[in-house]
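Working notes, beginning with the structure itself.
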Amino acid sequence: MTALHDTNGAPVIIGGGIAGLMTALALAPRPVLLLTGAPLGSESSSALAQGGIAASIGADDSTSLHLADTLAAGDGLCDETIAASILAAAPAAIEQLVRLGVIFDRDASGEIVLGLEAAHSRRRIIHAGGDATGRDVIRALVRKVHETPSITVIEGATAQRLVVEDNAVVGLLGHTGRGPVLFATDRVVIATGGIGGLFLHGTNPAGSFGQGLALAARAGAVMADLEFIQFHPTALDSKSSPLKLISEAVRGEGAILIDGNGDRFMGGAPGAELASRDIVARAVWRHIAAGHRVFLDARGVKGLDFTRRFPAITALCRDAGIDPVTQPIPVRPAAHYHMGGILVDRTGRSSVDGLWACGEAACTGLHGANRLASNSLLEAAVCGGWVAENIAATTSTRRRQPMLPDGVTDSDPTLVRPILSRAAGVLRDGEGLRAAARALYPLAISQQAASDPAIVGLMIVIAALRRQESRGAHARTDFPKHTSLAQRSTLRLDNALQTARDDIPELVA
């Protein structure tokens, strides 16, 4: 039996990463419910982030320089106005995180230490705990949430369906440790993170398989830029699931990519190992496809105390039987970050009334076709605050009790992972994408546990099929060049299903 939980007008936030936590804290002292599938502070991609937060606070830096680097990485598809606004808010966001208890790394004089990452023209990466920025930020925010009486945290809760009437949210069906619960609310924030769990090799927690996108898609929300998935070029090549990340900051300190013969294969490329992530990921992917193993070699970096600078990476390497001080680190590309997501405006509003999104689940236009390193935690921190401001300016309009949706099951991406990994990886082509659509469509329209993951996978595949060019992180071997016009993509679930039926004859044969 489904229990009814009347939130008394309080908004519900889904997700316990930086985006969700910042939204909840910024709404205080207004009451809010925060749903998280795992104990608060665990199982979020934010907690795994190593590199840091990008902010132009250095004496030689500026918002305009940060914007120029962001636009270059975004390969023509960033929303320049939105990007400029978010990046300009970066210094204030760092100050706010400090006020909330985050301890960033500082030098002997007390100044924040700034690191360098790929495609940044200045040292502007602010980190904590050396290479444990996400962990330290999450710990501080979780502590603050627990100290804030206006925030009610419900752990072990999964969101299964939004209840929508006349394009407006009226409820949320979830599942808690006590069984199914229908939350009566007309304001919901999706901050569920990314989609790395839809791939066989990813760096996100296994539970990050696009459930927030499925919620929004089923509710009729417009999605944007779904085809753009960033593959981190240097995940630790091991049997771990998810794969452990070897931060870009290691290359920023001077590490190089070599193969099993000890040959450096990116030395002659523009930007070399510090080219944008899409370029490095494709180079590593092609080298592996040619039969090589690929390693990240930090042994020859002068002046680098690897263990002191990267304590977390040192520990995870040694757990895998590798000493990064004396041995090269085996690496491979892995699904890491989704530039696409739920289309939102500057305030985080989606196309469905009463539905907001922030963090990786949202698509603001900041990242374009390829995210600039360390802009993601920044976006989560800034936009979480903006969403809170917008919600605070709205009033709950109490409606009648929402109707219970039918046919809801738990979600399981197991069947989707091999399909999407084959077709929508680092390199794609039309034949592979159409084969994936044929395999995903029946799962998407079924009542199986694979349905929600298949919906997200199908929408990604359809968006990738429609984009007949290579741009940023979307690389098609059958369309290797840019088109003359850089244009963002939008898609609704009903359009994706219709496209699949119309354009792939086997689905309606």
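Heads up: numbering here begins at 1 and tracks the sequence.
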Single hit among Thr23, Asn390, Thr347 for side-chain hydrogen bond (donor to acceptor under 3.5 Å, both in side chains) with Trp356:
Asn390

Side chain to side chain, [X] and [Y], heavy atoms closer than 4.5 Å:
X: Ser489; Y: Leu226; result: no
X: Asp297; Y: Arg264; result: no
X: Ile313; Y: Phe306; result: yes
X: Val137; Y: Leu377; result: no
X: Leu116; Y: Ile125; result: no
X: Gln468; Y: Thr483; result: no
X: Asn204; Y: Pro242; result: no
X: Val280; Y: Leu257; result: yes

Which atom pair, heavy atoms only, marks the closest approach of [X] to [Y]?
X: Val222; Y: Ser351; answer: N-OG, 2.9 Å
X: Ala219; Y: Val164; answer: CB-CG2, 3.7 Å
X: Ala500; Y: Leu458; answer: CB-CD1, 4.4 Å
X: Leu378; Y: Ala93; answer: CD1-CB, 4.5 Å
X: Gly212; Y: Ile342; answer: O-CD1, 4.0 Å
X: Ala89; Y: Trp386; answer: CB-CZ2, 4.2 Å

Has Gln487 got more than 12 heavy atoms of other residues, nucleotides or ligands less than 6.0 Å from its CD?
no

Around Asp166, counting heavy atoms of other residues, nucleotides and ligands shown, do more than 12 lie under 6.0 Å from its CG?
no

If we ignore hydrogens and angles and just use 3.5 Å, is the side chain of [X] paired with the main-chain N or O of [Y] as donor and acceptor?
X: Asp79; Y: Ile82; value: yes
X: Arg417; Y: Gly197; value: yes
X: Thr314; Y: Phe310; value: yes
X: Ser421; Y: Leu200; value: yes
X: Arg428; Y: Ala424; value: yes
X: Arg123; Y: Leu114; value: yes
X: His482; Y: Glu469; value: no
X: His201; Y: Leu243; value: no
X: Asp323; Y: Gln327; value: no
X: His175; Y: Asp410; value: no

[atom2] on [Y] to [atom1] on [X], rounded to 0.5 Å:
X: Thr63; Y: Leu87; atom1: OG1; atom2: CG; value: 7.0 Å
X: Glu227; Y: Met459; atom1: CD; atom2: CE; value: 11.0 Å
X: Cys78; Y: Arg488; atom1: SG; atom2: CZ; value: 9.0 Å
X: Asp61; Y: His66; atom1: CG; atom2: NE2; value: 7.5 Å
X: Phe231; Y: Arg282; atom1: CZ; atom2: CZ; value: 11.0 Å
X: Ser451; Y: Arg218; atom1: OG; atom2: CZ; value: 4.0 Å

Salt-bridge test for [X] and [Y]: reply yes if a basic N is under 4.0 Å from a carboxylate O, no otherwise.
X: Asp69; Y: Arg122; result: no
X: Arg161; Y: Asp452; result: yes
X: Arg492; Y: Asp494; result: no
X: Arg251; Y: Glu273; result: no
X: Glu431; Y: Arg476; result: no

Take Val331 and Asp237, measure what side-chain contact (heavy atoms from CB on, under 4.5 Å) needs, and give me the verdict at the end.
CA-CA 5 Å; Val331 294; Asp237 191 4; 5.5 Å; no

Does one side chain, of [X] or [Y], offer a donor that lies under 3.5 Å from an acceptor on the other?
X: Asn370; Y: Gln230; value: yes
X: Ser45; Y: Glu360; value: no
X: Gln211; Y: Thr158; value: no
X: Arg371; Y: Ser376; value: yes
X: Gln498; Y: Asp502; value: yes

Which of these passes side-chain contact (heavy atoms from CB on, under 4.5 Å) with Lys244: Thr203, Asp319, Leu236?
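It is Leu236, the one option of Thr203, Asp319, Leu236 that forms the side-chain contact (heavy atoms from CB on, under 4.5 Å) with Lys244.
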
Output, in order, the C-alpha distance, side-chain angles, deciding distance and verdict of side-chain contact (heavy atoms from CB on, under 4.5 Å) for Ser374 and Glu248.
CA-CA 10 Å; Ser374 291; Glu248 200 160 86; over 6 Å; no

I'd like to know whether Phe199 forms a side-chain contact (heavy atoms from CB on, under 4.5 Å) with Ile229, so could you lay out the CA-CA distance, the side-chain angles of the two residues, the decisive distance to 0.1 Å, and finally the verdict.
CA-CA 11 Å; Phe199 290 82; Ile229 302 166; 3.8 Å; yes

Can you tell me how the ring of His292 sits relative to the ring of His287, calling it parallel under 30°, perpendicular over 60° and tilted otherwise?
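His292 vs His287 ring planes: parallel.
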
Please assess Ile462 against Asn495 for the test side-chain contact (heavy atoms from CB on, under 4.5 Å), listing each intermediate value before the final yes or no.
CA-CA 9 Å; Ile462 295 300; Asn495 299 139; over 6 Å; no

For the ring pair Tyr337 and His367, is the centre-to-centre distance below 6.0 Å?
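Here the rings of His367 and Tyr337 have centres that are less than 6.0 Å from each other.
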
